[in-house]
Amino acid sequence: MKVAIGCDHGGYNLKMSVIEYLKKIDVEVIDFGTDNDKDSVDYPEFAKEVCKRVVDKDVDFGILVCGTGIGMSIAANKIDGIRCAVLSDTFSARMTKMHNDANVISLGERVLGKGLAIDIVKAYMSVEFEGGRHQNRIEKVMELEHK
Ligand code: RB5
């Protein structure tokens, strides 16, 4: 399992906690920055780097972290091939993989505690896309990129 991860200054500390957890369970993590919580940076730049690796299939999925998770998800969902969900609960984490085949998840450091954030990552990783009726819906969603 290989994951691309990125954050802005608002998500740096939570990103480091998520990386620590992923490494502990032997997931390979490619970290695209940023590398501290002091210098103000622009989240779309980090979303772009992580999403490129997801679209190119260099990684199994992507994780983005900013203050709320919202800016990162808005940026990510502008990129062809990306289905990014902002997550604040474990039910949605499972459902977005099973039904939406989300290939990027976005977390908010100013919204979530470390324990919940890691549970969300675990929940997302614990299930698979169900396909079937959801495949057709996803194809319709992805068609919207080209309209
Ligand atoms: C940065 O202050 C903050 O705006 C950013 O991390 C994020 O929450 C944007 O959606």
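What you see is a predicted model; the values in this text were computed from it and never measured. For ligands, and for the atoms within them, numbers begin at 1 and follow the listed sequence.
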Output yes when Lys15 and Asp31 qualify as a salt bridge under the 4.0 Å nitrogen-oxygen rule, no when they do not.
yes

Filter the ligand 1-protein atom pairs down to N or O on both sides and distance under 3.5 Å, then list them.
unit_1, atom_1, unit_2, atom_2, d
ligand 1, 2 (O), Arg110, NH1, 3.3
ligand 1, 6 (O), Asp8, OD1, 3.3
ligand 1, 6 (O), Asp8, OD2, 2.6
ligand 1, 6 (O), Gly67, N, 2.8
ligand 1, 8 (O), Gly67, N, 3.2
ligand 1, 8 (O), Thr68, N, 3.0
ligand 1, 8 (O), Thr68, OG1, 3.2
ligand 1, 10 (O), Thr68, OG1, 3.3
ligand 1, 10 (O), Gly71, N, 2.8

Given the rule that I, L, V, M, F, W and Y join up when any side-chain heavy atoms are under 4.5 Å apart, are Leu87 and Leu14 in one cluster?
yes

Examine Ile5 and Phe32 and state if one hydrophobic cluster contains both, with Ile, Leu, Val, Met, Phe, Trp and Tyr joined whenever side-chain heavy atoms are less than 4.5 Å apart.
no

Determine yes or no for a side-chain-to-main-chain donor-acceptor pair under 3.5 angstrom, with Asp37 supplying the side chain and His9 the backbone.
no

So the salt bridge (Lys or Arg N to Asp or Glu O under 4.0 Å) pairs with at least one residue in residues 89-109 (sequence neighbours excluded) are Arg83-Asp101

Yes or no on salt bridge (charged side-chain N to carboxylate O under 4.0 Å, His left out) for Arg53 and Glu49, after CA distance, side-chain angles and deciding distance?
CA-CA 7 Å; Arg53 273 60 187 199; Glu49 291 304 317; 2.8 Å; yes

